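See below for the structure under consideration.
Indexing begins at 1, ligand by ligand and atom by atom, following the structure's order. Starting from 1, each residue takes its place in the sequence as its number. Predicted model only: the values in this text are computed from it and were never measured.
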Amino acid sequence: MLLEAHELNTYYGMSHVLQGISLTVPQGEIVALMGRNGMGKSTTLKSIMGLVKPKSGSVTFKGEDITGYPPYRVARAGIGYVPEDRRIFPNLSVLDNLDIGVKGGKIADSNNPNVWTVARIFNHFPMLQKRAEQHGRLLSGGEQQMLTIGRSLMGNPDLLLVDEPTEGLAPLLVKEVRDILEEINKAGVSILLVEHNIKVALSLADRLYLMGKAHIGFVGTIAELEAHPDARKKYLEV
Ligand SMILES: Nc1ncnc2c1ncn2[C@@H]1O[C@H](COP(=O)(O)OP(=O)(O)OP(=O)(O)O)[C@@H](O)[C@H]1O
Ligand SMILES: [Mg+2]
């Protein structure tokens with residue numbers, strides 16, 4: 001198993017926002033984590049990434065126990081993180097924003113043809129190439145999202161944690177971001193995807209976890225979810 005989170009319990013002060021969350025991401029898959037607002041999806045990603053510290057539970061990645069690692073060590077182990085708020089550097093160019101992504105990640109083996117380079121990123125994101133010299137702040141929301149994803153790839157992750165990449169984007173861009181995630185996955189990057197857009201998630205994911213408040217309420221394939229309309233109703237529909 002590529003990623004295995006086991007029985008995570010995370011608190012913000014007194015509030016117990018993850019109550020025994022367990023999930024796995026097999027090598028090569030896209031796994032979606034879904035659920036209504038405030039259930040704990042982002043906190044689950046942050047707990048894996050080391051941005052918040054679970055009180056108990058464990059995280060294993062490629063067989064290594066990375067529980068309690070600070071974020072930079074989690075990144076170096078091979079996990080990339082695309083946060084909900086697109087944290088690009090507004091006063092740096094697109095190119096410089098990408099270069100920064102190299103530093104956080106894994107030390108790449110330059111003989112490996114699968115290493116992510118600026119050229120390879122531009123291949124996947126032609127719109128970023130056109131704007132290579134422009135400041136981050138001049139990019140549209142969709143372009144900023146592409147840049148955030150591109151930057152996380154520069155760290156050569158084996159697994160990307162992506163938090164609501166299509167949120168607030170126009171339909172055309174939703175489709176573009178969706179397609180890019182699919183391409184990245186085909187290029188060998190496994191993905192744990194938090195996504196509100198049911199259509200996007202169902203069209204990408206091999207497997208789904210549906211969260212209720214602080215817990216996982218349903219795990220299954222798309223076909224298994226289709227066989228359980230009650231679960232869809234309980235955890236997804238408003
Ligand atoms: N920094 C924080 N301090 C205190 N409480 C927090 C903090 N961040 C999140 N929470 C609370 O923890 C719970 C889980 O939040 P989280 O952001 O993980 O939910 P989510 O499923 O990602 O929601 P959304 O779909 O709105 O992004 C919520 O009740 C939220 O209000
Ligand atoms: Mg969230």
Strictly under 2.8 Å, is any N, O or S atom of Thr43 next to the Mg ion (ligand 2)?
-> no

Tell me, with the steps shown, if Leu153 and Leu98 meet side chain to side chain contact (heavy atoms under 4.5 Å, CB included).
-> CA-CA 9 Å; Leu153 290 173; Leu98 288 175; over 6 Å; no

Indicate every side-chain donor-acceptor pair of residues 119-130 with a distance under 3.5 Å to a residue at least two apart or in another chain.
from, atom 1, to, atom 2, distance (Å)
Arg120, NH1, Asn114, O, 2.6
Arg120, NH1, Val115, O, 3.3
His124, ND1, Glu183, OE1, 2.5

Would you mind writing out the side-chain donor-acceptor pairs for residues 164-173 within the sub-3.5 Å range, not counting sequence neighbours?
from, atom 1, to, atom 2, distance (Å)
Glu164, OE2, His196, NE2, 3.2
Thr166, OG1, Glu195, OE1, 3.2
Thr166, OG1, Glu195, OE2, 2.7

Output, in order, the C-alpha distance, side-chain angles, deciding distance and verdict of side chain to side chain contact (heavy atoms under 4.5 Å, CB included) for Tyr81 and Lys46.
-> CA-CA 9 Å; Tyr81 175 57; Lys46 287 175 187 165; 3.6 Å; yes

Does the pair Asp206 and Val31 meet the rule for a side chain to side chain contact (heavy atoms under 4.5 Å, CB included), with working shown?
-> CA-CA 6 Å; Asp206 300 290; Val31 173; 5.8 Å; no

Applying ring pair (Phe, Tyr, Trp, His ring centres under 6.0 Å), which residue pairs with at least one partner in residues 7-64 are found, sequence neighbours left out?
-> Tyr11-His16

Applying a heavy-atom distance cut-off of 4.0 Å, which protein residues contact ligand 1?
-> Tyr12, Val17, Arg36, Asn37, Gly38, Met39, Gly40, Lys41, Ser42, Thr43, Glu84, Glu164, His196, Lys213

